[in-house]
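What follows is a short report on a single structure.
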Amino acid sequence: MDFSEDWKSYFATGTSSAAPIISGSSARAVLGPLAFNPIPQTLTHLFSSSFLLPPPLPLPRLSPSRFLVTSSSASPVLPSTATSIAPPSGSAFQNDLVSAFRYNRLELLKYPDANSVVLFFPTGVNSEQVGFLLLNVDGSDLRVQLDVNGDIFRAASGASYRILRISVNAVHDSGNSSDTFGYLFASTLYSVHWFIVKHNSSLERPSVVYLGCKNFKTCSVAHVCWSPYIPEESLVLLENGELFLFDLKPSLEDPNSNTSFKGTRLRVSWNGLYSSKDRVWLSCEFSWHPRVLIVACSDVVFLVDLRLDKRIVSCLMKIEMYTRVENERFLALSRAGLDSFYFIVVSNNILFLCDVKLTEPVVLRWTHRLDRPCFINVLNLSTLRSNSREDTFESASKSGFCIILGSFWNARFKIFCYGSQKGSIVSKLSKSNKNFCAWQFPSEIQLSGRGCHCGSCLLREELSKAALPDWIDWQMKKEIVLGFGIINNDLASLLCEPEDYGGFTLIRLLSSGQLELQRYQASWVLDRRLEDCHEQVSCLDKYLLFSTGDEDYKFPKIFKFLNLNYFYAYLRGNLTELLVKNLKEPCMDAEEKESFDTEVHEFLCEKLNVCGVGPFRSSLAITAFFKDVKLPASLHEVALRKLWTELPLDLLQLAFSNYSELLDIDVDQKGLALEFLVVPDLPQLPPFFLRKSSPRSNKWSSKVKKYHDGIVGPVLPLPILSVLHEFYNGCSDMEDGKFSLKEELDLNYKEVMKVASEISISASGSKFFDDHTVSLGDDGEQTWVNSLKPKPFLLYQLVASKCSAMDLVHGNSIYQDKIYDTLIYHVPEKKIVSNEISESAGQELFDDICPVELKFNAPIKEFEVSQPFLVRLIHSLCSISESPSFFSNLSALLQGHISRSHLLLVHSRIFRVGAHQDNLIATRLIGHYPSHISLRVLNQLQNPNIFPFNAIIRVMADEGHFSHAFYMFKNLRRRSLLPNDLTFSFLLKACFWSKHVHHVQQVHTHILKMGFLNDSFVCNGLVAVYAKGFNNLASARKVFDEIPDRSVVNCWTSLIRGYAQLGQSEEVLQLFYLMIQQNLHPQNDTMVSVLSACSNLKIPSIEKWGVMFLELLNNTHPEEIFHDSINTILVYLHGKCGRIEKSTERFYQISATGKRRLLPWNAMMNAYVQNGLCLEGLNLFRMMMEEQIITPNHVTMVSVLSACAQIGDLDLGMWVHEYIKSTGQKDIIESNRNLATTLIDMYSKCGNLERAKEVFENTVSKDVVLFNAMIMGLAINGEGEDALRLFYKMPECGLKPNAVSFLGVLCACSHCGLVERGRQIFKDMTTTVMMNSSNSPRLEHYACYIDLLARGGMLEEALEVVNCMPFKPNNFVWGALLGGCLVHSRAELAQEVSMRLVEADPHNSAGYVMLANAFASDKHWSDVSALRLEMREKGIQKQPGCSWISLDGYVHEFLVGCLSHPQIEAIYHTLNVLLKHMKVPSLSSDKL
């Protein structure tokens, strides 16, 4: 192939955005079936062998703490030293497992001139060899051809590296007689090996010949790919971003050449490009030219042009351009199969189809909802729908494409179909002019061909996965697909009969070492239920991907060694010699002086003085070291405390330091993070074992002001300090190394042990011979020698699992170092406590349970008798009885809300006494747990009744697991249990989540058969699910009419809400009227739905219902409970008609009880604001807040903020904003778009654009209305460019601009003088490029566009637009044109336009005023006088100017000429004083 002319270098460029999806019934008739189901009858076992098994993975490494606990040495450590068991496997181990199964382990290559196919796969002990099989078509069967020994064929590379990926490249026309029909490479972690695949004529089978390899010593291999243009070329991408091009031609021409390939390094510099520092290189592919490449890393996709000497690297895609999801990264890249310009890239959440020809490369995008998909394969739709009986969808098959995306490790794959819109296939389905569109929604494909995917089977499988240990992934215990390939259409047609719509034949390799063949057929619907596999137990213990022994093959590891000379010397016993040697060596810096921290010195002195250690370091009595022993402590700790205390103060100061002194500690020029605990203000001796938690760290101490002075330490261990102590004291044994810290510690331990035995009660005696009993002390009291006081301490030894009580008596400890296994603790004094429970119980509750005296570092909280959970819990735990009354006590503990910790305590007690078989207890336990745990509670019941089943159905319905809820209903029916009203109520709740009306109909049938249609509770649920869940008002109304007792208000509310949701306002008010006539009191939800329906009424309907409700009020007693509800509705209706006086009258007729509800206040405030009476609305809001009767909600705040926006009261608006956040409703602003929109509108109209932008950015879910409010806010504040940017950002967020959006952006162009931009936008509207025909320009758009042209001085063009627009000009159109005439001094045209304005709106004074101004500008005073006379004759008055001032929370309104303000005299007096002061400087300047 000749590329000398760069035949594809001249292509058109353009832009593209995500094309629409074609779906629905009309699309099905044209596109055909796009789901693919396995045919169970076609499953054929081809071959199985251990050579097909994947390599065994290493067992997860145990953490140090886990190793300590599981150690089986003769001298294990104490359990207390390894109580925190870390997870045995971390994220790194998980990533290794995923990467091991990242690629397809099976590759297919068509055997030339034969009905055969060759299969390639890794094999060997470490998958270091290339294995292959030959599959021959024999009639309608596929036969496996093996070697003479019945084994697979192999090709070795001579290396022992594990093969991660195999890829073949077919050679269609080799042009020589070498019988070569393909090339193959096998990539490992650090190398790539190339092979040639040819026909062996002597053996009549394929042969794989090794060509050579390339080892990369400095970096691992990221990706390898074949060239689609030159079969002998391949491209290698390394993990550091380096590219290498390899050509096999030299090796083919000279078979004796060196097998170590060099390749050509493509020197591409990535420095200064868009990729981040933590980028991960993913993949590389050839683009439309052999020297044009596509390279992808985790955040950027590059286009690399190597045709010229100068490498040109450009950015095609950045992940941040298409999503704002945190930690979103690209995962894989692949060429698209349709031609060389297209490629596919997938991220964590999105799948992109891209075109390199376009400036904006993304053509299509899908949200894939797969976990870390890494496998991509693009096929023609005809490959997946081959061998079809019908040719109805042949054209769609030829023009369509499919993307198979998924992950072998997670065992999930999906098919994404798309195709061209240019042909006749889908032209009638889409009016878009884009090249491609998505065909239907993505569908899953079951590559395993086995396993039912219905809800019940999936639930059982998930429960089986949850039962596995945390360190085992379910993939290691289940048979998964490791690779697959699709046989070409010619061979597939020989193996199977044609299907209705075609299909494909798949060969798959399983983790159990099996090779299978199965046929898939194209279907309309994905079949999730496989009868052969349904309800089979998920086996998660048969397959094991881990090796059980030591592996022979290991990668080299790089270690970094730390200098631990002192620690190693301590272990060897020669720490003294090393320290003495180092101390005698001269210091490197003789002038360096040791710093002395007075703060640490004072701290240590204070601590020692409190404990009785004076400044002269006098020795303490040994008994003093036991004073602060309250909790159990080993005698070894007491001996250590004694050694620490005897150290001189200067050595103690070496061990402890202020934490600010450690900020400069560096390791390898990097700051070392040091976190420590604070020494509390308690009397204790060094090394201060008791600490309290602290978030302090030297990582932030230099940046954040320290809040507490404390010390760090000990930073030097006791062995070093003891050697230093002896060295400076001139010990004679130091030179010979005879000083031993162990001997020193043993000596102190013996002294401590001797004193402890005198002051403590011994826990050893004859009563401890029972191995199954653990006792901490005798009940009898022992006294001091020569004293009558009881001994204050208890001394005991640990009894471990390998040490019996008899061994302890004889002194046979299981620990070699016995100084660790003897503990001592303080015995509290016994107190006389009454047997009766006092009214308040505190810490004394724990005294009888724990022999150790507990001290709480927190204020004491009394437990009231009214809420005695802990009291009840302790008494129930102490009880041993298993009587029914005891079970009822346990059941009572489960009532109400219980914390997780308390629930586990109660549950453990229930298991201990066997109460988990009690149905009432199980029912309440199920209600406290999530569904996966509740199922286990239910399954433990041997004879469950209906109540536990009701509880589990309710839990599943609440969590949205509707299919599981239905399954549990079937289960209880199988047990011959009769459902009750609660059962059906919870089932109907589950129907809300199903979104399928036939589920409701099935439940309805059961209700009818079981005779529950007379139950108002069940019927209310039926009405609710029909009306609210499925908008099936006909069925809802039928059920409602057949309810015998309709006194339940919920039934009415559900039906009313259903009608309101569909906008049927008349039906809503008729039902409400009928409800009132039956003397039922409406609920708050009922009133909300009724008021929502009233907002859609027209004026005649408002008049009719107003009269009807008023008559109903007049014909009933004023004390009726529904009067307040009707008055609330009348307030809203009158306000909507503009009769604000009647609204006010009705509001004040609402009773005091009725005004305790929020709806009347909201209705009245809304009426005031809608009619322009903002001050009255704000005064009503202030009255409501002052009375503190009710709390406002977001509807209230919307009305108040609208009023603030109209009068410009920024202070009150900001107060409302802060009030919402202070009352814990901050999340409401971010999630409630109506409230956020109103806030943006208020801030924009009040001039605080920054706060408006802040609200906009913080809103989580943005819609078109929110964008429109922000665009209009930017427009009125003169930020035209920002408004345009936001407008063009809407399609990127998946939003389509509407008429208001275009009005806002035209307004922005008008205010900022962006005439050309506004003209282009208006042109786009008229040509329907960005909007459909239903949203073509309206009269208000023309008015805004005319205002834009008039402000820009293009008056003739504006007048031409007025004359040509398809609407009759109104006052806004003429007003905009007249404003432009006055600005640009076009007096004659202004007079003509003014007359048109008066004609369009003869009752508005604005037109007359502007016309008078036009006459006055030309000095036509007679016309001015005539115009004013005409206004007086018609009674037209100029609307007075109005202004508002907010002062101290009150808004003051001023009208021109109005003297009604209560302080008007003081205002005018102050104004006159100011005028006099202003005239004084004016007169003095005149004199000068």
Residues in side chain to side chain donor-acceptor pair (under 3.5 Å) with [X], at least two apart?
X: Gln521; answer: none
X: Ser931; answer: Glu959
X: Asp500; answer: Arg389

Among residues at least two apart in sequence or on other chains, which ones pass salt bridge (Lys or Arg N to Asp or Glu O under 4.0 Å) with Asp1085? Arg1057

Partner residues of Arg1037 under the salt bridge (Lys or Arg N to Asp or Glu O under 4.0 Å) criterion, sequence neighbours left out: Asp1041

Taking side chain as C-beta onward, heavy atoms only, is [X] less than 4.5 Å from [Y]?
X: Tyr1026; Y: Leu1055; result: no
X: Leu510; Y: Ile480; result: no
X: Val1090; Y: Pro1082; result: no
X: Phe36; Y: Ser523; result: no
X: His1004; Y: Val1039; result: yes

Which heavy atom in Gln1061 sits nearest to a heavy atom in Ala1027, and how many Å separate them? OE1-O, 4.1 Å

Correct closest heavy-atom pair for Glu444 and Leu526 would be O-CD1, 3.3 Å

Residues in ring-ring contact (aromatic ring centres under 6.0 Å, His included) contact with Tyr520, at least two apart in sequence or another chain: Phe504

With under 30° as parallel and over 60° as perpendicular, where do the rings of Phe413 and Phe484 fit, or are they tilted in between? perpendicular

Name the orientation class of the two ring planes belonging to His999 and Phe966 (parallel below 30°, tilted from 30 to 60°, perpendicular beyond 60°). tilted

Verdict with supporting geometry, Leu977 and Phe949, side chain to side chain contact (heavy atoms under 4.5 Å, CB included): CA-CA 10 Å; Leu977 295 176; Phe949 276 97; 3.7 Å; yes

One pair to check against side chain to side chain contact (heavy atoms under 4.5 Å, CB included): Thr323 and Asn349. What are the steps and the verdict? CA-CA 9 Å; Thr323 178; Asn349 296 289; 5.9 Å; no

Can you check side chain to side chain contact (heavy atoms under 4.5 Å, CB included) on Phe1012 and Phe1017, steps first, answer last? CA-CA 9 Å; Phe1012 281 95; Phe1017 186 67; over 6 Å; no

Test side chain to side chain contact (heavy atoms under 4.5 Å, CB included) on Asp371 and Arg412 and set out the steps. CA-CA 8 Å; Asp371 185 16; Arg412 282 196 64 195; over 6 Å; no

